[in-house]
Structures are given as C-alpha cells and as structure tokens.
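Report on the structure given below.
We use all heavy atoms of the structure for the numbers below, so side chains are in, but hydrogens, waters and symmetry mates are not. On a predicted model such as this, the values are computed, not experimentally measured, just so you know.
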Amino acid sequence: MKIFDVKGEMFDAGRDYPTQDIEFNSTPAIELADAKTTKEILGIRLMHNGDKSELYKHLEERPDYELQVSRDNVANRHLESMRWYSQSAYRFGDYVMKYRLVPSTETQQKLVEQTVKPEDGDDILHRWLRNFHADHDAEFLFEVQLLENLEEQPVEYAGTVWNEKRYPWQPVAELVIPKQESWNYARNSFWEDHMRVDPWHGLETLQPLGSTNRLRRVLYPASCALRRKMNARQEINVRSIDEIPGWGGTTVAFSHKAVDNNLSSHVS
C-alpha cells in the first residue's frame, strides 16, 4: 500500500517522495525471521529449487520447521476474505507495534470458505477480485498490536506470533475501497515495471524494526536496481496518485479510528 501526501520527517530513502509505504503478508510471522535465518533458508531453497520433497527433508531437520512451512499451509482462498499482517514490528510514535488489515464487511467475511479448486483455472483469484470490486465496496479495519513485554513479544526476531489474548489487537483506522473497475492494463504495467514498495519509504515515527527490516533496508534497493537493469526499466517514485497511468479518479478512504483507552492504558 502507498499512502500519498504524508506529512512529517521521512527517512532518507523516501525524503523526496511524501508517501508512506506499508507492506502486508498473509501470515502473522515471517519465516525469514532474522538475517541469520534468511541466509540459511535461502541457501536451502536455492540448493533444492524444484525438488519439494528434498527441500522439506532438510527443513524438517530445523527447530523452526513449523514456521518454515507455515506459508504452504495458508488456504488458497478469496483474497478479500483474508487478514493481512505486517509480520515484523514497527514504531508507532512512542510505541512499538505490529499491524494487520481485517475484512470488516459481512460480504467479505462470508467469502472465507471460497477456496481455489483445481478446475478453477490459474487466473481465478484475479477474476474473483475483479468481480468483487465491480459490485461491492471493500472495507478493512487497520489494527495494531502494541508491545508490552519484550520477552514474550520479540522484535529482533520476527518469527514469533505475539499472543493476541494477552496483547489484544485494537483498531486505529478504517480502509474503504469503493466499488470500481479494479483492473487496468496501463496501471498494472506501470506498477510491475517501475514501482516498488519499501517500508523504509516513510515516516521516522513508523520506523521498521528488527533484523528482518534492517536487511530489507539494504536488499530492497539492491534487488530493485538489479531487476530494473535486467529488464531495461527505470524505477519511478511517484509523489501523487495522479502520476500513475490508468488511475480512474476513484478515492480510497483511509481514516483514523479512536483507540480503546482500556486497551492502550496498560502499555509499558
């Protein structure tokens, strides 16, 4: 997600572009949980690329096996029904948080049982999304989980799911995507060829934290530069949504929501 016209002190990487980039993934913890783990796992994947049985054989020898295969166990279902997680920790002003998006309409919640079948075709998720946005608004709660106990809620290692019963999620904003034609070839081509999302493009008060995010700070621009060079494409950082081809003028609303004081008052 890119939020435009953001005010405040930015990190150097995005200082000239007033956007806040926000990343999401479909599991609450990331298997590349720190720099050491990332190096080990990428080495195993490269060694056994294309041989899943051999890959799993080596992963089973690791104490973090369940974490390493967690993404393979995510149901392949309608994307509008899914929760989306930061996985790693971030600053939240004077606090530390993880965040997530939670579908909040009854229509979206009912889609949770709509999973991909072999006969559906390779583009089924695309077709489901396009059909949904043509007929419905999409609404999400933006929720944060605040750090209260560093021993139980590690920040440096991003492979641990913070206990949501002990440290509950609390809504702080709402995201509303009005119904629209969601697919545009020009916009999709521009996104794939020229844009990237980087959590270090944003406010210092939302600083990415932990080993995984420090690694991203170096690897994301390096990976992007290599990809653009190989594809003969130039990276373009936009300052406004008007600079993106194919934008149809539909406004996406991202509004603040009051935090429950009973939940936030016991943060240490």
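Connection of Ile244 to Ile236 is established within a shared hydrophobic cluster, with ILVMFWY side chains joined at heavy-atom distances below 4.5 Å, either directly or through further cluster members. Both Leu129 and Met1 are members of a single hydrophobic cluster when ILVMFWY side chains are connected at heavy-atom separations under 4.5 Å. When the side chains of ILVMFWY residues are joined at heavy-atom separations under 4.5 Å, either directly or via intervening members, Val197 and Ile30 end up in two distinct hydrophobic clusters.
Look at Asp21 and Lys2 and you find a salt bridge, because one of the NZ, NE, NH1 or NH2 atoms lies within 4.0 Å of a carboxylate O, short of that distance. The pair Glu31-Arg45 meets the salt-bridge criterion, with a side-chain N (NZ, NE, NH1 or NH2) lying under 4.0 Å from an Asp/Glu carboxylate O. Between Asp34 and Lys36 there is no salt bridge, since none of the side-chain N atoms of the basic residue sits less than 4.0 Å from a carboxylate O of the acidic one. Glu113 and Arg77 are not joined by a salt bridge, as no carboxylate oxygen comes within less than 4.0 angstrom of a charged side-chain nitrogen.
The one candidate from Tyr90, Trp84, Tyr220, Tyr85 that meets the side-chain hydrogen bond (donor to acceptor under 3.5 Å, both in side chains) condition with Glu23 is Tyr220.
The backbone N or O of Leu32 lies less than 3.5 Å from no partner atom in the side chain of Thr37, so there is not a single donor-acceptor pair. Checked by atom type and distance alone, the side chain of Glu174 never pairs as donor or acceptor with a backbone atom of Glu139 at under 3.5 Å. Judged by distance alone, with hydrogens and angles left aside, the side-chain atoms of Arg187 form a donor-acceptor pair with the main-chain N or O of Gly246 at under 3.5 Å. Looking only at distances, no side-chain donor or acceptor of Glu9 sits under 3.5 Å from a matching main-chain atom of Thr205. Side chain of His194 to backbone of Gln234: a donor-acceptor contact under 3.5 angstrom is found. With hydrogens and angles ignored, the 3.5 Å screen pairs no side-chain donor or acceptor of Glu60 with any backbone N or O of Tyr65. Checked by atom type and distance alone, the side chain of Asp64 never pairs as donor or acceptor with a backbone atom of Leu67 at under 3.5 Å. With hydrogens and angles disregarded, no donor-acceptor distance shorter than 3.5 Å links the side chain of Glu143 to the backbone of Pro171. In this structure, Trp162 contributes its side chain and Pro154 its backbone to a donor-acceptor pair below 3.5 Å. A donor-acceptor contact shorter than 3.5 Å links the side chain of Arg15 to the backbone of Met10.
Atoms CZ and CG, on Arg217 and Leu215 in that order, are 12.5 Å from each other to the nearest 0.5 Å. Put simply, CG on Leu219 and OG1 on Thr212 are 10.5 Å apart, with the number rounded to the nearest 0.5 Å. Rounded to the nearest 0.5 Å, atoms CG (Leu206) and CZ (Phe11) are 9.0 Å apart. The line from CD of Gln145 to CZ of Phe92 is 13.0 Å long, rounded to the nearest 0.5 Å. Annotation: the span from Ser88 atom OG to Glu156 atom CD amounts to 11.0 Å, rounded to 0.5 Å. Taking OG from Ser182 and NE2 from His126, the interatomic distance works out to 7.0 Å, rounded to the nearest 0.5 Å.
The number of heavy atoms from other shown groups lying within 6.0 Å of CD (Glu204) is above 12. Atom CG of Asp51 has more than 12 heavy atoms from other residues, nucleotides or ligands within 6.0 Å. The environment of CG in Asp94 is sparse: at most 12 heavy-atom neighbours from other residues, nucleotides or ligands sit within 6.0 Å. For Glu151, the CD atom is loosely surrounded, since the number of other residues' heavy atoms within 6.0 Å does not exceed 12. The environment of Glu106 atom CD is sparse: at most 12 non-hydrogen atoms of other residues, nucleotides or ligands sit within 6.0 angstrom.
The two residues Leu55 and Ile44 have their closest heavy-atom pair at CD1-CG2, 3.5 Å. In terms of heavy atoms, Ala35 sits closest to Ser211 at N-OG, 2.8 Å. Scanning both residues, Glu243 and Phe190, for their nearest heavy atoms gives O-CZ, 4.3 Å. The two residues Ser26 and Met82 come nearest to each other via the heavy atoms CB-CE, 3.6 Å. Between Glu80 and Leu111, the closest heavy-atom pair is CB-CD1, 4.4 Å.
Scored by the ring pair (Phe, Tyr, Trp, His ring centres under 6.0 Å) test, His58 finds His48 as partners (sequence neighbours excluded). The side-chain contact (heavy atoms from CB on, under 4.5 Å) check on Asn188 picks up Trp183, Glu192, with sequence neighbours excluded.
In this structure the side chain of Leu203 reaches within 4.5 angstrom of the side chain of Gln20, judged on heavy atoms. The shortest side-chain heavy-atom distance between Val74 and Thr27 falls under the 4.5 Å cut-off. Residues Tyr99 and Val172 form no side-chain contact, since every pair of their non-hydrogen atoms from C-beta on lies 4.5 Å or further apart. You'll find the side chain of Glu54 reaches within 4.5 Å of the side chain of Lys57, heavy atoms only. A heavy-atom distance below 4.5 Å is found between the side chains of Arg100 and Glu164. With contacts defined as side-chain heavy-atom distances shorter than 4.5 Å, the pair Phe142/Leu175 does not qualify. Counting heavy atoms from C-beta outward, Pro18 and Arg239 have side chains that approach closer than 4.5 Å. Between Thr107 and Asp137 the shortest side-chain heavy-atom distance does not fall below 4.5 Å.
Classified by interplanar angle (parallel below 30°, tilted 30° to 60°, perpendicular above 60°), the ring pair Tyr17/His201 is parallel.
Donor-acceptor pairing under 3.5 Å is lacking for the side chains of His136 and Gln108.
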